[in-house]
Visitor: 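Sharing a structure here in structure tokens format.
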Amino acid sequence: MSSYFTDLAQQYIDGKWRPGTGSWDIIDFNPYNGEKVASITIATVGEVDEAYRAAARVQREWAATNAYARRSVFEKVLRLVEEREAEISEVLVDEAGGTFGKAAFELHLAKEFLRESIHLSLRPEGRILPSPIDGKENRVYREPVGVVGVISPFNVPFLLSLKSVAPALALGNGVVLKPHQNTPISGGTIIAKLFEDAGLPPGLLNVVVTDIAEIGDAFLEHPIPRVISFTGSDKVGRHVATVAASHFKRSIIELGGNSAFVVLDDADVDYAVDAAVFSRFVHQGQVCMAANRILVDRSLAAEFTEKFVAKVKTLKSGDPRDPQTLIGPVNNSSQAEAVSGVVDQAIAEGATALLHGTTTDNLVEPSVLSDLPADSALLQQEVFGPVVFINTFDGEEEAVRLVNDTPYGLSGAVHTGDIERGVGFAKQIVTGMFHVNDATVHDEPIVPFGGEKNSGVGRLNGETTLEAFTTTKWISVQHGRSRFPF
């Protein structure tokens, strides 16, 4: 691990680097070789309280700071990310288990989101609205919500932390970030260091590395944060949303998916194969938008399947530090067991293993399964690993029904020789995002990102981020005299 970041295995509270005062340590392991990356003594409920109170104290002055002055901090953070890109990539590979290619993809997007945050600082605008009352002026101000609590996942830790943290700060808020326990540095303290070095006022951004076994729901229930931004599983997300709502907090909930990749009868098969392999196996399939299901028109099924399996066989599994590696380890042993269990269950239910990868520690090789029974529960769930199901359909109407037959609605893709046919298909899918003649995995700074059904509530990116991390206030001014009924 880069020597620059070895000192970041601490809490960052009120502008100070310090160990937590909990009674146990979170051990941060390299998921490929099992080596210890870092050890962090966890934060307690008291330290979560300190973090929120620090953010609230500093936020008021930050919100009053000229937006152009706030913008300069994000310009500096962007320059620092560009200067330290090689070191950040090292951390992502060692801590999150991704390849250097995945790290480059994540950092590219992170820089794009930082560029958007620079502009976001100047985006909030007020309005003057007419009134039916003579002499009255209605002013609508857009203001920061105050303090935002951010909970980020392990799979794309740097980007998915930054895409809430940076815009929330840019819009004048304070932030307390709780990164995933498996990626506390790449998803947490590394971001605090970048903002500290860029001159962000101490106390405005805090990072607490902790666990619900220590703090319970204190991070969610604390009276200071008005918005909770959570990215993770639907099971945990349901709990986060419930607790937040019970305390009248707004929540932005980005959860998992069960995306379908659809190949219609007029698709370019070779191109569809390339897009489908990326859609399923990018970062070992540990991406919420990854294509769990590939649905192919029966007329193209034999050709597509043969070419798809052949291409998947070329994907090298192994050490993510090897530049030739495309499939690194999944995040932890329980996940490796769960993914292997999915393959075994699918075969037991009658699926055919066109490619049956082996599992060694956390390294799970790709598996491609066909003809899984339509009533299998596996087709209804998210599989967070390098396993994919290929099923066939007869005609567009059946394809739409199969795509929608899931409790999730995050992303998806359709391939066709007729773009407008693809758009018409996409309009029939209950989902937050859908792509024509492309992969299922996409995220762009100004396009609304989020899901329907069990894939989440709310949107981020662009104007939707503005809505997420600000609120409106109506101030009326009576220039004359109102008349009252008594």
Side-chain angles (χ1 to χ4, degrees), residues 1-5 8 30-33 37 74 77-118 152-166 179-180 182-183 185-191 193-194 231 274-291 311-312 314-331 363 366 384-386 411 435 438-447 449 461:
M1 186 173 180
S2 169
S3 60
Y4 180 83
F5 297 113
L8 301 185
N30 180 313
Y32 175 70
N33 57 28
V37 176
F74 300 90
V77 172
L78 176 58
R79 288 198 296 271
L80 290 172
V81 171
E82 290 171 338
E83 292 169 4
R84 300 170 184 175
E85 189 164 348
E87 292 175 294
I88 298 172
S89 296
E90 295 271 346
V91 177
L92 284 168
V93 171
D94 284 348
E95 188 176 54
T99 63
F100 280 107
K102 181 264 185 182
F105 180 67
E106 182 171 353
L107 284 167
H108 165 73
L109 279 177
K111 288 183 288 185
E112 290 299 324
F113 276 92
L114 280 170
R115 291 185 180 99
E116 173 63 12
S117 292
I118 293 169
S152 61
F154 66 77
N155 57 332
V156 193
F158 187 74
L159 172 65
L160 295 182
S161 292
L162 199 64
K163 70 179 290 187
S164 284
V165 169
H180 195 279
N182 291 349
T183 49
I185 296 174
S186 57
T189 55
I190 198 171
I191 293 172
K193 179 61 175 172
L194 288 164
T231 305
D274 290 345
V277 170
F278 175 82
S279 295
R280 176 63 262 183
F281 296 106
V282 59
H283 194 37
Q284 298 79 260
Q286 298 176 119
V287 180
C288 57
M289 298 167 281
K311 187 172 181 69
V312 174
T314 68
L315 305 180
K316 176 178 168 55
S317 302
D319 186 350
R321 285 190 157 274
D322 182 345
Q324 301 303 311
T325 295
L326 293 172
I327 305 291
V330 296
N331 188 259
L363 191 64
F384 223 54
S411 186
H435 308 286
D438 211 335
T440 62
V441 179
H442 289 285
D443 195 359
E444 296 182 14
I446 64 171
V447 183
F449 183 102
N461 302 0

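All heavy atoms count here, side chains included; hydrogens, waters and symmetry mates do not.
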Visitor: Kindly say whether P153 contributes a backbone atom to a donor-acceptor pair with the side chain of T231 at under 3.5 angstrom?
Guide: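 Looks like no, no N/O pair under 3.5 Å.
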
Visitor: How far does CG of D443 sit from CD of E106, to the nearest 0.5 angstrom?
Guide: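 Taking CG in D443 and CD in E106, the distance rounds to 11.0 Å.
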
Visitor: Write down the atom of P31, the atom of A96, and the distance for their closest heavy-atom approach.
Guide: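 That would be CG-C, 3.9 Å.
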
Visitor: Do side-chain atoms of R321 reach the backbone of T99 as a donor and acceptor pair under 3.5 angstrom?
Guide: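 No, the answer is negative, given that no donor and acceptor are paired below the 3.5 Å cut-off.
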
Visitor: Distance check, rounded to the nearest 0.5 Å: L160 atom CG versus S186 atom OG?
Guide: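 The distance works out to 11.0 Å.
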
Visitor: Are S317 and P366 close enough that some pair of their side-chain heavy atoms sits under 4.5 Å apart?
Guide: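 Contact flag for S317/P366 side chains = yes.
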
Visitor: Is it true that a side-chain atom of H283 and a backbone atom of N155 form a donor plus acceptor pair closer than 3.5 Å?
Guide: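 Indeed, once roles are kept as given, a pair shorter than 3.5 Å links the two residues.
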
Visitor: Check salt bridge (charged side-chain N to carboxylate O under 4.0 Å, His left out) between D438 and all other residues, then give those that pass, not counting sequence neighbours.
Guide: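 Partners of D438 by the salt bridge (charged side-chain N to carboxylate O under 4.0 Å, His left out) criterion come out as none, since no residue qualifies.
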
Visitor: Begin from the C-alpha positions of T325 and Y32 and carry the test side chain to side chain contact (heavy atoms under 4.5 Å, CB included) through to its verdict.
Guide: CA-CA 12 Å; T325 295; Y32 175 70; over 6 Å; no

Visitor: Donor-acceptor check, side chain of E85 to backbone of L107, threshold 3.5 angstrom: yes or no?
Guide: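 Flag not set: sc E85 to bb L107 has no pair under 3.5 Å.
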
Visitor: Please report the shortest heavy-atom distance between G97 and P329, naming the atom on each side.
Guide: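 In this case the closest contact between G97 and P329 is O-CD, 3.3 Å.
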
Visitor: State the NZ-CD distance between K102 and Q286, to the nearest 0.5 angstrom.
Guide: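 K102 NZ to Q286 CD: 8.5 Å, rounded to 0.5 Å.
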
Visitor: Are V441 and F278 close enough, and set up right, to give a side chain to side chain contact (heavy atoms under 4.5 Å, CB included), and what steps lead you there?
Guide: CA-CA 8 Å; V441 179; F278 175 82; 4.1 Å; yes

Visitor: Between P179 and G187, which heavy-atom pair has the shortest distance, and what is it?
Guide: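 Result for this residue pair: CB-O, 3.5 Å.
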
Visitor: To the nearest 0.5 Å, tell me how far I88 CD1 sits from L194 CG.
Guide: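 Here the rounded value is 5.0 Å.
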
Visitor: Quick check against the 3.5 Å criterion: does S279 have a side-chain atom that pairs as donor or acceptor with the backbone of A439?
Guide: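 Not at all, since once roles are kept as given, no pair shorter than 3.5 Å links the two residues.
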
Visitor: Is N461 reaching over with its side chain to a backbone N or O of E444, donor-acceptor style, under 3.5 angstrom?
Guide: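 Judged by distance alone, yes, a pair lies under 3.5 Å.
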
Visitor: Has the side chain of T189 got a donor or acceptor atom that lies under 3.5 Å from a matching backbone atom of L8?
Guide: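 Checking the backbone N and O of L8 against the side chain of T189, a donor-acceptor pair under 3.5 Å is found.
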
Visitor: With rounding to the nearest 0.5 Å, note down the distance linking CG in N331 to NE2 in H180.
Guide: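 Going from CG on N331 over to NE2 on H180, the span is 6.5 Å.
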
Visitor: For I118, does the CD1 atom have more than 12 heavy-atom neighbours from other residues, nucleotides or ligands under 6.0 Å away?
Guide: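 Correct, the count exceeds 12.
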
Visitor: Any salt bridge between E112 and R115, counting N to O under 4.0 Å?
Guide: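 Yes, charged N to carboxylate O under 4.0 Å.
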
Visitor: Between R280 and P386, is there a donor-acceptor pair closer than 3.5 Å when you use the side chain of the first and the backbone of the second?
Guide: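 Not confirmed, R280 side chain does not pair with P386 backbone.
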
Visitor: Say you draw a straight line from CZ of F281 to CD1 of I327; how long is it, rounded to the nearest 0.5 Å?
Guide: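 Going from CZ on F281 over to CD1 on I327, the span is 6.5 Å.
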
Visitor: Identify the heavy atoms of A291 and T440 that sit nearest to each other, and give their distance.
Guide: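 Closest approach of A291 to T440: N-OG1, 3.5 Å.
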
Visitor: Looking only at heavy atoms, what is the nearest atom pair of F74 and A166, with distance?
Guide: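 Heavy-atom minimum between the residues: CE2-O, 3.4 Å.
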
Visitor: Taking E95 for the side chain and I185 for the main chain, is one N or O donor matched with an acceptor at less than 3.5 Å?
Guide: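 Present.
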
Visitor: Which atoms form the tightest heavy-atom contact between F100 and E90, and what is the distance?
Guide: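 Between these two residues, the closest heavy atoms are CZ-OE2, 4.2 Å.
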
Visitor: Does F158 reach the side chain of L92, with side-chain heavy atoms less than 4.5 Å apart?
Guide: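 In short, these two side chains touch, coming nearer than 4.5 Å.
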
